[in-house]
There are 2 protein chains.
Amino acid sequence: MRTVIDIDRDRRMAHRPTMNDVARTAGVSLKTVSRVVNGEPTVTPDLAARVRAAVESLDYRPHLGASMLRRNDRRTRTIGVLLADVSNPFSAAVHRAVEDECRARGSHVLTGSLDEDPRRERELASAFAQRQTDGLILAPTGGDQSYLRRLRGMPVVFVERSAAGAAADTVVSTNVAGAAGAVRHLVAYGHRMVGFLGDRRELPTQRDRHRGYLRALGGRGGPAVHDLRDEAAAERATVAMLRGPDPPTAIFAAQGLVTIGAVRALRRLDQHRRVALVGFDDFPLADLLEPAVTVVQQDPARIGRTAAAALFERIDGYDGPPREIRIPTTLIPRGSGEIVA
Amino acid sequence: MRTVIDIDRDRRMAHRPTMNDVARTAGVSLKTVSRVVNGEPTVTPDLAARVRAAVESLDYRPHLGASMLRRNDRRTRTIGVLLADVSNPFSAAVHRAVEDECRARGSHVLTGSLDEDPRRERELASAFAQRQTDGLILAPTGGDQSYLRRLRGMPVVFVERSAAGAAADTVVSTNVAGAAGAVRHLVAYGHRMVGFLGDRRELPTQRDRHRGYLRALGGRGGPAVHDLRDEAAAERATVAMLRGPDPPTAIFAAQGLVTIGAVRALRRLDQHRRVALVGFDDFPLADLLEPAVTVVQQDPARIGRTAAAALFERIDGYDGPPREIRIPTTLIPRGSGEIVA
DNA sequence: ATGAAAGCGCTAACAA
DNA sequence: TTGTTAGCGCTTTCAT
């Protein structure tokens, strides 16, 4: 005498045995299975062995969602990582470092790409919260992060950029100092007219790098173009700048893709051996170009590791004031930045 | 009169309101809240409005884990993606494409890097299974995938490489044809002695690319070095090959990092304008090198999209035999492969 | 249209 | 040491 319900249940059981099934098979109570599965030491070796045999024969795997529902330390051992774009090298390096740090702590990583879309940022943060991630590592978009206050209890660490409307630990490169160092380097090689090429000016990183640029020039910058959102735009802007009224003898490119665009433009104009170039953010094969490209190298792996460490401190209950952690950059002279004026 | 338990409970409540709290605040039953939250149409507008107001004022967010526990279609709307290394450009591009496909279907992505470690592969697959991912996209390590049979009911799609000991949908590049095309290209430019440089020979992709190489040469290959696990090893092997007894006039590099190593070696020997080179797998800035590097371009984004689509078909119940989907490659002539013998 | 009761798979508290 | 009972937050079933 089977009802429809029983059949459904049977199909599910075929799918995935429960602790109860293991208990029946081993001839013990459910709670004994629970103890064995959780490695509690108070089980007789004999019973424990029977339970393990049953686990093995049924391919039993504990249901983490169910256990976390009842458990006191309601941890899913899962964190969310929201980056600009998991396929860009910087984000990918951060992601990987976070993953490594998680591995050491038995946690796993839910990922998402934001593509500079504040709405997507809110949606993903909220979706991860509904999935009970223990915390969030977030590279904020240009938007406002005050919505995070509604995710009370969910620790967040910002990476790459600082946030607006929300206070939390933040891990960023020393953007001002790094940019200033790069431009001082150019000045040291005799350049008076240094052009600036940057990505969207409202981004905190870009603002900081522009500030560093100005600081190194004593406040009197050269020609500047902002809001270059891709390689092609950067290439066009570089060409225009070099053909403009005050052609710079050196260029500071404040972002990775912008640097590549500038390289392409200099090549196209056959100026790559005459105009100096320093880019912010290293990229693969920079050393194999002709000339090799001098860059301000960031340390995305360290940013990721540091952010993860800070997040786990918060998850473990640390409750100090928000920290701003600055990861130093390194100027790597390779040739393009050592062209004299 | 408060007990310890009550205090604990209060702290949790402050953390996260439940459906019950919303029900109390709105003055309705828990089930009515459930109906509103799930968009069931059988609620009077008046009650629905009260519920929504309570949801708003309490910052209520449904607990996805709890709902999925009871729900009939036990979907977590989460899939697992296990790749070689989320920070390598190929994996990262696959990852991003999978994420985009998931976004369209309201799913999210748990990620993990395998680093060629079969044990890590098993651990992560098992950990994701315990988290009830709806399915898995897996770039198999060199090991054996038969352990997947114990994850019965969990759909899997293999990417990048075929698996051993487990049958499932597989999405791979046309490795044999791509490699053969590259080597035929070199032969067409007059090369008789074409060297082969490859990564670990036990990997299916590497075997296939070597097979394509041999096929294009009528079975009589030139000097070959396998098991080059990083750039530096590839660079050394290239130098040795060119200084060896039968120095090839052209090189086929069967993997991305191996190609870079070969480029470095050719530079170092000042042979980059004399020895032809075609690499398998494109890389950024290949076109800016001197000479620009001819490559067999794969389409990681398409691989990811296709794999995700196949996985969702399986999740939705499709039960046909395992499919092997081959994504075509494209030869991109840029200069290094067009050097004549 | 609304609600009460049962139960998803598991752990906590307590009892035996 | 082992088992029993209650209950995590939610959806289901069934009654009203």
Side-chain angles (χ1 to χ4, degrees), chain A residues 3-6 8-13 15-24 26-51 55 58 60-77 129-132, chain B residues 3-13 15-24 26-51 55 58 60-76 129-132:
Chain A
T3 70
V4 172
I5 297 166
D6 283 337
D8 265 10
R9 180 163 165 74
D10 280 8
R11 180 163 341 117
R12 280 205 310 276
M13 307 266 298
H15 244 48
R16 178 173 260 278
T18 74
M19 229 172 219
N20 233 315
D21 302 318
V22 177
R24 247 195 324 266
V28 297
S29 84
L30 188 159
K31 179 64 215 187
T32 301
V33 178
S34 169
R35 282 194 253 262
V36 173
V37 165
N38 290 295
E40 289 174 37
T42 67
V43 182
T44 356
D46 171 44
L47 279 194
R50 263 160 60 200
V51 168
V55 164
L58 295 178
Y60 169 74
R61 275 161 210 286
H63 187 303
L64 236 66
S67 84
M68 105 72 143
L69 196 56
R70 192 63 175 92
R71 208 180 268 280
N72 272 344
D73 89 336
R74 305 171 130 245
R75 301 265 170 92
T76 54
R77 304 210 155 275
Q130 290 184 215
R131 282 170 169 72
Q132 325 301 125
Chain B
T3 72
V4 173
I5 297 166
D6 283 337
I7 291 169
D8 264 10
R9 181 166 163 72
D10 281 8
R11 181 166 338 121
R12 279 204 311 277
M13 306 268 297
H15 244 48
R16 179 175 259 277
T18 74
M19 228 172 219
N20 233 315
D21 302 319
V22 176
R24 247 195 324 267
V28 297
S29 83
L30 187 161
K31 178 63 218 188
T32 300
V33 177
S34 168
R35 280 194 254 263
V36 172
V37 166
N38 291 294
E40 290 174 37
T42 66
V43 183
T44 354
D46 172 42
L47 280 194
R50 263 159 59 198
V51 169
V55 164
L58 296 178
Y60 169 75
R61 275 163 210 286
H63 186 303
L64 235 65
S67 83
M68 105 74 142
L69 195 56
R70 191 65 174 92
R71 207 180 269 281
N72 272 343
D73 90 335
R74 304 169 133 246
R75 302 265 169 92
T76 53
Q130 289 184 215
R131 283 170 169 72
Q132 325 300 123

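Below, all heavy atoms of this structure are taken into account, side chains as well, without hydrogens, waters or symmetry copies. Residue numbers start from 1 in every chain, and the chains themselves are labelled A, B, ... in the order their sequence lines are given, proteins ahead of strands.
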In this structure, how many angstroms lie between the [atom2] atom of [N] and the [atom1] atom of [X], rounded?
| X | N | atom1 | atom2 | answer |
| --- | --- | --- | --- | --- |
| A:L64 | C:dC10 | CG | C1' | 10 Å |
| A:L30 | D:dT5 | CG | P | 13 Å |
| B:N72 | C:dG7 | CG | C1' | 12 Å |
| B:R74 | D:dT12 | CZ | P | 11 Å |
| B:Q132 | C:dC10 | CD | P | 9 Å |
| B:R50 | C:dT2 | CZ | P | 10 Å |
| B:M68 | D:dG9 | CE | C1' | 13 Å |
| B:L58 | D:dG9 | CG | C1' | 15 Å |

Do [X] and [Y] come within less than 4.5 Å of each other through their side chains, counting heavy atoms only?
| X | Y | value |
| --- | --- | --- |
| B:N38 | B:R71 | yes |
| A:H63 | B:L69 | yes |
| B:R16 | A:Q132 | yes |

Testing the basics here: between [X] and [Y], what is the closest heavy-atom pair and its distance to 0.1 Å?
| X | Y | value |
| --- | --- | --- |
| A:S34 | A:M19 | CA-CE, 3.4 Å |
| B:V55 | B:V22 | CG2-CG1, 3.9 Å |
| B:Y60 | B:V37 | CE2-CG2, 4.0 Å |
| A:V43 | A:A48 | CG1-N, 3.8 Å |

Look at [X] and [N] and indicate whether a side-chain polar atom (N or O) is within less than 4.0 Å of OP1 or OP2.
| X | N | value |
| --- | --- | --- |
| A:R70 | D:dA6 | no |
| B:S29 | C:dG3 | yes |
| A:R71 | C:dT11 | yes |

Item to complete: Could you check which residues of residues 31-49 of chain B get a heavy atom under 4.0 Å from DNA chain D? Sort them by number, please.
Response: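 Going residue by residue through residues 31-49 of chain B, the ones with a heavy atom under 4.0 Å of DNA chain D turn out to be B:K31, B:S34, B:N38.
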Discussion item. Nearest to the side chain of A:V28, heavy atoms from C-beta on, is which of C:dC10, C:dA13, D:dG3?
Written reply: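 The listed nucleotide nearest to A:V28's side chain is D:dG3.
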Item to complete: Report the secondary structure of DNA chain C in dot-bracket form, marking unpaired bases with a dot and bases paired to a different strand with |, and treating Watson-Crick or G-U pairs with both distances under 3.5 Å as paired.
Response: ||||||||||||||||
Discussion item. Treating B:R50 as the side-chain partner and B:G27 as the backbone partner, does any N or O pair qualify as donor plus acceptor under 3.5 Å?
Written reply: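 Such a contact is found between B:R50 side chain and B:G27 backbone.
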Fill in: By side chain to side chain contact (heavy atoms under 4.5 Å, CB included) - contacts of B:L64 (at least two apart)
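If we apply the side chain to side chain contact (heavy atoms under 4.5 Å, CB included) test to B:L64, skipping adjacent residues, the hits are A:Q130, A:R131.
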